[in-house]
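Inspection log for the structure reproduced underneath, given as C-alpha cells.
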Amino acid sequence: VQLVESGGGLVQPGGSLRLSCAASGFSLQNNAIGWIRQGPNKGREGVICISSRTPAGGAYYADSVKGRFTISTDNAKNTVYLQMNDLKPEDTAVYYCATTRTLNCPPAGKLYDYTYWGQGTQVTVSS
C-alpha cells in the first residue's frame with residue numbers, strides 16, 4: 001500500500017492549487033480516502049473524506065474549507081484530487097492523504113483510524 005501526494009507549492013492568497021494523491025496496492029473504489037493537514041505548530045486537522053458511503057462530494061471535516069475545497073477521484077488512475085480555491089494564509093500546512101482500508105471515514109476525533117498515510121505535500125499561502 002502506497003500513497004504519494006503531489007501538487008503543493010507556494011501560492012498567493014486567493015489563488016488555487018490542485019493536490020493529487022496517487023494510490024497503489026489497493027483500489028480507491030473500495031476504500032475511504034481522506035485529506036488531513038497539519039499547520040505550523042498545530043495538530044492534525046481533517047479536511048475532507050470520500051468513499052462510496054459518503055455523498056459524491058465527500059464529507060467535510062473542516063467548515064472553514066466548505067465552498068472552497070472539493071474532492072474528486074479518478075478510478076482509472078487510482079488517484080484522488082483536492083482542488084483548493086480561494087486559498088487563505090491559514091490554509092498553510094502539510095497536506096496528507098490517508099486511507100482506512102475500509103469504506104468508513106473516521107470521525108474528526110479519530111484521525112488515527114487512518115492506517116496508511118502519504119508523505120505529505122507542503123502548501124504555503126503567502127504574499
Side-chain angles (χ1 to χ4, degrees):
V1 174
Q2 190 174 21
L3 296 166
V4 179
E5 302 97 334
S6 61
L10 173 64
V11 64
Q12 292 186 341
S16 298
L17 282 175
R18 188 178 79 157
L19 306 183
S20 300
C21 172
S24 59
F26 69 101
S27 172
L28 289 179
Q29 291 180 277
N30 301 318
N31 294 274
I33 297 292
W35 285 97
I36 301 98
R37 66 185 181 184
Q38 185 166 15
N41 301 313
K42 295 181 181 179
R44 287 184 173 178
E45 176 190 31
V47 177
I48 192 169
C49 179
I50 192 168
S51 81
S52 61
R53 292 181 178 173
T54 66
Y60 286 93
Y61 289 113
D63 288 341
S64 63
V65 306
K66 288 181 181 178
R68 300 189 298 122
F69 291 11
T70 57
I71 191 170
S72 62
T73 58
D74 184 331
N75 291 328
K77 295 182 178 180
N78 215 32
T79 298
V80 62
Y81 302 98
L82 182 67
Q83 178 67 43
M84 306 186 294
N85 298 327
D86 190 23
L87 282 159
K88 305 177 186 299
E90 51 264 39
D91 295 318
T92 294
V94 177
Y95 284 72
Y96 301 90
C97 63
T99 181
T100 63
R101 296 303 311 276
T102 72
L103 287 171
N104 300 315
C105 289
K110 298 185 72 176
L111 297 180
Y112 49 80
D113 280 352
Y114 284 106
T115 51
Y116 294 93
W117 294 70
Q119 83 288 350
T121 186
Q122 176 71 47
V123 172
T124 302
V125 185
S126 175
S127 55

Tell me, with the steps shown, if S126 and T124 meet side chain to side chain donor-acceptor pair (under 3.5 Å). CA-CA 6 Å; S126 175; T124 302; over 6 Å; no
Has the side chain of [X] got a donor or acceptor atom that lies under 3.5 Å from a matching backbone atom of [Y]?
X: D74; Y: A76; value: yes
X: S27; Y: Q29; value: yes
X: N78; Y: L28; value: yes
X: Q119; Y: E5; value: yes
X: R53; Y: L103; value: no

Y81 OH to I71 CD1 distance, which is reported to the nearest 0.5 Å: 12.0 Å
Nearest 0.5 Å, what's the CZ-CD1 distance between R101 and I33? 9.0 Å
Here the pair of heavy atoms bringing E45 nearest to A62 is OE2-CB, 3.8 Å
Mind listing the closest non-hydrogen atom pair of L111 and G46 along with its distance? CD1-N, 3.5 Å
Fit a plane to each ring of W117 and Y96, take the angle between them on a 0 to 90° scale, and name the class: parallel (under 30°), tilted (30 to 60°) or perpendicular (over 60°). perpendicular
With a 4.0 Å cut-off on N to O distance, would you call D63 and K66 a salt bridge? yes
